[in-house]
Visitor: 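One structure, pasted below without further comment.
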Amino acid sequence: NLVRHLSACETMGGATTICSDKTGTLTTSKMTVVRMWCGGKVFESAAAVTAAVKQQLAYASVVNTLFKTFLKPPPPGGKGFTYCGNDTECALLIMSNQLGHPYEKVREQHPDDQPGRKVFSFSSDRKRMTTIVNNAEGKAVAYCKGAAEIVAALCDKFVDESGREMPLTPQMRTQIEQSISEFANLGLRTLCIAQRTLPADWQTSCAAAGEISLPKIEEQLTCVGLVGIEDPLRDEVPDAIAQCQKAGITVRMVTGDNLDTARAIASKCGIVTPQDGPEAVLDGKTFRDRVTDGDGNIKQDEFDKVWPALRVLARSTPLDKHVLVSGIQASTATGVAQTVAVTGDGTNDAPALKKADVGFAMGIQGTDVAKNASDVIIMDDNFVSIVAAVKWGRCVYDNICKFLQFQLTVNITAIVVACVGAAVLTQSPLTAIQMLWVNLIMDSFASLALATEDPNESLLSRPPYSRERGVLSKTMSKNMILHALWQLLVLSVLIFVVGDVCQPGQDLCDCKPGPLSELRGYFGSHPFKIPSGRPGGFDLASTAASGGCPPPFDENDSNTYTRGKKPKRPEDYCKHARGSASDTTQHYTMVFNVFVLMQLFNEINSRKIHNEINVFSGVFSNFLFLFIVIGTFVGQVALIEAPGVNTAFGCQGLTPDQWLISVALGASCLPLNFIFRAIPSSLFPGS
């Protein structure tokens, strides 16, 4: 897809209704004539048509086509023609070839610049196209093709098996109507091909107010035949529509085909089911009469009675599509604001494409006007691409929510730590340069990690977000609040309980062991027997001692010194413990390390925002996420252990036991996230 307006990506994720064209979007647009009615008989092969009728049918079909429609021969070794231009007309050109009258030769006899040639192009209002040319005898002949029931109603004669024009009796008209219905029930696009030899004075007798009057020309026509054109359904469309329905999206087909053809195609692709009532399929005229007044304004009360059950709008015009989109957007019948996506390829579809929340133009069949009015251009004209747009739209929205959930959790924790540090300790436990590192990895890197999740099928297993829904859901608020509280609890213990301090009035090096100082780690050390990193004034004012000091130097006691009689306790040990000798301590390094690692592991939790159990689902398919998480961890190790770098960041190297505890505390966010799932989200604020 070619996205012209970026906001359309997110909007498409909340789509509740898709109003789709049929030809080329739900079908392959590879038109083929598979049935014909000529002279009172139905034929399944052009070769079987009566010889006397073949020429008339071929000429009536080919002359009344646009010259920009043609067939490109297959390359050497290839099969089948390549359609160029209108697919319906291409099917008629192939039929002419099969009738034994190559379309190129017919066009040579009636070139585009033939004197007296007049073309009245197909319009969605008239549902037909007419071309006037001079035949070999110099007489003007009008050829008309279009919607079968409309053109057939204009005929008063038909061509019989011998090629003669005969009056159209009521019995024959009934047979034509039955054939039209049979073709339509088979899902065939049915056209009536007709002709009329105009009188010599037709330019005056068929004129009104000095201009040619089409209604006067398109009367007393002779029905040459009916053609049933098959446009095969794309193989992938039924599954794609089933996905939309599972995702809470209603697909409505808007087509120019007649009622029976539209119903047959819609049934094949799953838009209409046997459980749907008669209100599911309406024709354009009935729809307009019911939902609009004489001035074309929507009667919203009446519209709200029609659209919820409507699945197919047949014989529709671009105006019908615009009315449908406008009415659904304005409706409050379901209690939920509707987000409408619509497809279009013609110039007249531009108003509906503009009006829709997301307008899809066809990249192959679409006109430039339609493309300029759209938000997204479907390059392959395939309905599956619309489903992909829904999936990407939901993915974009979810990725934004994932990052928001993660970022707000980090901010809550960081703000509380900074504020409490400033209020209680007179300074933040995290230095300015450490906070810069936190901002780098938690803003820039995390946004890349969480915003690059690719869409998956699970996105189509839930209903769309309401357009009135807030960004923060109750589940997101729950995850943010509970994880922030746990992080603050852990960091509070590390900041205020860990670290050796000295009592006021005591000898500077006469300290009592605290509650955590004697804990032994996996590698045999005491990870919490470390000097306090808190300000000296705070520790001197404290009434509780935590930890112990190494014994003072005594040359008669070998426990107080190492080899070479180097004292185990430096002279400035207790000054350092009170924060007066150095700004780098293992104590605050552990605080910084645990803070970063808790955010790093919570980044994994933040990949899920709908209370999913397995937060690791799909993680190994997102290589950028893995690279950023692993790279961030390696960078954190370097900040603490690399000489020179750790000094710049105000850190000291940690022991293996201290690293083990830091990682364990960081990883505690993972099992706790599973426990938090059991807490009802309804207890928390959000939408």
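All values reported here derive from a predicted model rather than from experimental measurement.
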Visitor: Would you give the length of the straight line joining atom CG of Leu654 to atom CD of Glu641, rounded to the nearest 0.5 angstrom?
Guide: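 Rounded to the nearest 0.5 Å, the CG-CD separation comes to 5.5 Å.
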Visitor: When you measure from the side chain of Thr16 to the backbone of Thr339, do you find a donor-acceptor pair of N or O atoms at a distance under 3.5 Å?
Guide: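 At least one qualifying donor-acceptor pair exists.
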Visitor: By the definition side-chain contact (heavy atoms from CB on, under 4.5 Å), identify the one residue from Val237, Asp21, Ile378, Thr343 that meets it with Phe383.
Guide: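 Result: among Val237, Asp21, Ile378, Thr343, Val237 is the only option passing the side-chain contact (heavy atoms from CB on, under 4.5 Å) with Phe383.
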Visitor: Has the side chain of Arg4 got a donor or acceptor atom that lies under 3.5 Å from a matching backbone atom of Asn372?
Guide: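 Yes, Arg4 side chain to Asn372 backbone: donor-acceptor pair under 3.5 Å.
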Visitor: Checking Gln434 side chain against Phe649 main chain: does a donor-acceptor pair fall under 3.5 Å?
Guide: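 It does hold such a pair.
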Visitor: For the residue pair Asn611 / Lys478, report whether a side-chain donor-acceptor contact shorter than 3.5 Å exists.
Guide: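 A donor-acceptor contact under 3.5 Å links the two side chains.
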Visitor: So, the side chain of Gln599 versus the backbone of Ile441: is there a donor-acceptor pair under 3.5 Å, distance only?
Guide: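 No: the side chain of Gln599 does not pair with the backbone of Ile441.
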Visitor: Work out which heavy atom in Ala356 is nearest to a heavy atom in Val325; give both atom names and the distance.
Guide: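 Closest approach of Ala356 to Val325, heavy atoms only: CA-CG1, 3.7 Å.
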Visitor: Flag the pair Asp398 and Arg462 as a salt bridge only when some basic side-chain nitrogen lies within less than 4.0 angstrom of an acidic carboxylate oxygen.
Guide: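 Result for this pair is yes, salt bridge flagged.
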Visitor: Ignoring hydrogens, what is the shortest heavy-atom contact between Met598 and Ser668? Give both atom names and the distance.
Guide: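 The pair with the smallest heavy-atom distance is CE-OG, 4.3 Å.
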Visitor: Check whether any side-chain N or O of Lys391 sits under 3.5 Å from a backbone N or O of Asn456 as a donor-acceptor pair, and report yes or no.
Guide: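 Checked: no pair found.
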Visitor: When rounded to the nearest 0.5 angstrom, what distance separates CD1 in Ile377 from OG in Ser385?
Guide: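 Those atoms lie 12.5 Å apart.
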Visitor: Looking at every non-hydrogen atom in both residues, tell me the closest pair between Arg234 and Pro238 and how far apart they are.
Guide: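 Between these two residues, the closest heavy atoms are O-CD, 3.5 Å.
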Visitor: When you look at CG of Asn614, are more than 12 heavy atoms from neighbouring residues, nucleotides or ligands closer to it than 6.0 Å?
Guide: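 Result for CG/Asn614: enclosed.
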Visitor: Is a side-chain donor-acceptor pair under 3.5 Å present for Glu236 with Asn382?
Guide: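 A pair is found: one side chain offers a donor N or O, the other an acceptor, under 3.5 Å apart.
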Visitor: Short question: side chain of Ser331, backbone of Ile328 - any donor-acceptor pair under 3.5 Å?
Guide: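 Judged by distance alone, no pair lies under 3.5 Å.
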Visitor: Under a 3.5 Å distance rule, please check whether Lys474 uses its side chain to pair with a backbone N or O of Phe684 as donor and acceptor.
Guide: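 Such a contact is found between Lys474 side chain and Phe684 backbone.
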Visitor: Between the side chain of Thr589 and the main-chain N/O of Gln652, is any donor-acceptor distance below 3.5 Å?
Guide: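 Yes, Thr589 side chain to Gln652 backbone: donor-acceptor pair under 3.5 Å.
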Visitor: What is the minimum heavy-atom distance between Val376 and Ala8, and which atoms define it?
Guide: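 So the minimum-distance heavy-atom pair works out to CG2-CB, 4.2 Å.
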Visitor: First locate atom CG of Asn399, then atom SG of Cys401, and finally report the distance between them rounded to the nearest 0.5 Å.
Guide: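 Rounded to the nearest 0.5 Å, the CG-SG separation comes to 9.0 Å.
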Visitor: By salt bridge (Lys or Arg N to Asp or Glu O under 4.0 Å), which residues pair with Lys355, not counting sequence neighbours?
Guide: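 If we apply the salt bridge (Lys or Arg N to Asp or Glu O under 4.0 Å) test to Lys355, skipping adjacent residues, there are no hits.
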Visitor: Do NZ/NE/NH1/NH2 and the carboxylate oxygens of Arg677 and Glu612 come within less than 4.0 Å?
Guide: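 Here Arg677 does not pair with Glu612 in a salt bridge, since their nearest N and O are not under 4.0 Å apart.
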Visitor: For Arg394, give me all partners under salt bridge (Lys or Arg N to Asp or Glu O under 4.0 Å), at least two apart in sequence or on another chain.
Guide: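 Per chain and number, Arg394 pairs via salt bridge (Lys or Arg N to Asp or Glu O under 4.0 Å) with no residue.
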Visitor: For Ala484 and Thr409, work out which heavy atoms get closest and say how close.
Guide: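 So the minimum-distance heavy-atom pair works out to N-CG2, 4.1 Å.
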Visitor: Say whether, by atom type as modelled, one donor and one acceptor occur between the side chain of Asp357 and the main chain of Ala341 under 3.5 angstrom.
Guide: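 It does not hold such a pair.
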Visitor: Checking Ser477 side chain against Pro685 main chain: does a donor-acceptor pair fall under 3.5 Å?
Guide: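 Indeed, once roles are kept as given, a pair shorter than 3.5 Å links the two residues.
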Visitor: In terms of ring plane angle, is the pair Phe676 and His483 parallel, tilted or perpendicular, where the classes change at 30° and 60°?
Guide: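 Ring orientation, 0 to 90° scale: perpendicular.
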Visitor: As an exercise, state the distance from CG of Leu430 to CG of Leu491, rounded to the nearest 0.5 Å.
Guide: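 It comes to 8.0 Å.
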Visitor: Between Leu353 and Ala370, what is the shortest heavy-atom contact and its length?
Guide: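 Result for this residue pair: CD1-O, 3.5 Å.
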